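Bear in mind that the values here come from a model prediction, so they are computed numbers and not experimental data.
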Amino acid sequence: TMDVVNKSTVSEFVLLGLSNSLALQMFFFMAFSLLYMATMVGNSLLVITVIADSHLHSPMYFLLTNLSIIDMSLASFATPKMITDYLTGHKTISFDGCITQIFFLHLFTGTEIILLMAMSFDRYIAICKPLHYASIVSPQVCVALVVASWIMGIMHSMSQVIFALTLPFCGPNEVDSFFCDLPVVFQLACVDTYVLGLFMISTSGIIALSCFILLFNSYVIVLVTIKQHSSRGSSKALSTCTAHFIVVFMFFGPCIFIYMWPQNSFLIEKVLSVFYTIFTPIMNPVIYSLRNQEVKTALKKLKNRFLNSNKATPSCHF
């Protein structure tokens with residue numbers, strides 16, 4: 001007699017994390033805790049600096065503060081859980097928790113993709129159409145761009161979640177990563193709709209790839225324009241654009257790789273997933289504040305203001 005396969009849904013998943021070795025886990029725990037704290041402090045500082053300094057109340061910095069907020073969110077959707085899991089040895093995540101992680105991952109990455117495109121649009125107009133800049137990139141347009149990026153992010157993540165919820169899970173529940181993402185979770189489903197899944201996942205890859213090509217082209221045009229008008233102002237524009245482009249490249253590289261080829265070796269996938277959930281969020285404040293003279297100046301002012309307010313209270317000097 002053939003047993004009827006029990007199609008009970010999996011109620012929780014086991015997150016295998018990045019490594020089994022205790023020494024490596026200790027190292028990851030230390031490294032990720034530091035990186036996470038640095039990400040939150042760095043991005044918060046960038047947001048505070050832009051808000052506090054009226055010189056930075058321009059479209060580019062408005063978009064940049066939004067990028068910092070998304071980066072803090074992207075850093076927070078899975079990393080704190082991973083850090084606490086290292087401490088407690090707790091390795092499971094509920095089915096709902098897993099779907100929630102998929103939702104937030106795609107919400108924040110989807111939103112960040114559109115926001116990076118908005119930032120490239122802003123730089124493109126500023127450098128290629130400087131006379132029309134104020135009329136094209138108005139405060140209303142900036143708000144509209146940010147709202148649009150969140151709406152697109154929500155639509156994208158909803159589509160991913162709806163797809164994940166239609167997958168039947170009937171047994172295998174070991175997620176070979178430190179958070180739930182579709183390419184990894186999809187491989188645990190008991191389905192024959194393999195092709196559909198590959199299609200669904202690679203559409204994410206194709207979206208990322210086409211956005212990347214668009215961004216790449218816009219920055220190439222901008223750089224060519226800067227080269228033609230070489231002057232003092234152009235070195236500033238050049239450093240801003242290179243900064244933007246480094247961020248874009250570091251963010252899109254792993255995304256495209258993971259989603260265009262969902263059947264990667266898990267090792268590569270793990271390295272890349274660490275990259276865009278832990279390294280990219282900290283790179284933005286580092287790249288923008290180190291390469292940007294205006295932000296540096298504003299940070300100095302903020303520091304002096306803070307130090308002067310502290311001088312009122314007696315302090316010990318060694």
- Message: By the ring-ring contact (aromatic ring centres under 6.0 Å, His included) test, which pairs, at least two apart or in different chains, include something from residues 75-119?
- Response: F13-F95, F77-F179, F95-F169, F104-F108, H106-H156, H106-Y259
- Is there a donor-acceptor pair closer than 3.5 Å between any side-chain N or O of T79 and the backbone N or O of S76? no
- Task: Using the side-chain hydrogen bond (donor to acceptor under 3.5 Å, both in side chains) rule, collect all pairs that involve residues 277-286, keeping only residues at least two apart or in two chains.
- Result: D71-N284
- Which residues satisfy the side-chain hydrogen bond (donor to acceptor under 3.5 Å, both in side chains) test with S149, sequence neighbours excluded? none
- Task: Sequence neighbours left out, what passes side-chain hydrogen bond (donor to acceptor under 3.5 Å, both in side chains) with Q101? Give chain and number order.
- Result: none
- Tell me the disulfide (SG to SG under 2.5 Å) pairs involving residues 20-77, sequence neighbours left out? none
- How would you list all residue pairs meeting disulfide (SG to SG under 2.5 Å) that involve residues 10-59, not counting sequence neighbours? none
- Item | Pairs involving residues 49-61, ordered by first then second residue, that meet salt bridge (charged side-chain N to carboxylate O under 4.0 Å, His left out) (sequence neighbours left out) | D53-K301
- Query: Tell me, which pairs form a disulfide (SG to SG under 2.5 Å) where one or both residues lie in residues 10-84, sequence neighbours left out?
  - Reply: none
- Task: Not counting sequence neighbours, list each pair that qualifies as a disulfide (SG to SG under 2.5 Å) and has a residue in residues 31-118.
- Result: C98-C180
- Note on the structure: So the ring-ring contact (aromatic ring centres under 6.0 Å, His included) pairs with at least one residue in residues 31-71 (sequence neighbours excluded) are F28-F32
- For L16, the other hydrophobic cluster members (4.5 Å side-chain criterion, sorted by chain and number) are V14
Please set out all donor-acceptor pairs under 3.5 angstrom arising from side-chain atoms of residues 133-145, sequence neighbours excluded.
residue : atom : partner : partner atom : Å
Y133    : OH   : D122    : OD1          : 2.4
S135    : OG   : H132    : O            : 2.8
S138    : OG   : Q140    : OE1          : 3.3
S138    : OG   : V141    : N            : 3.3

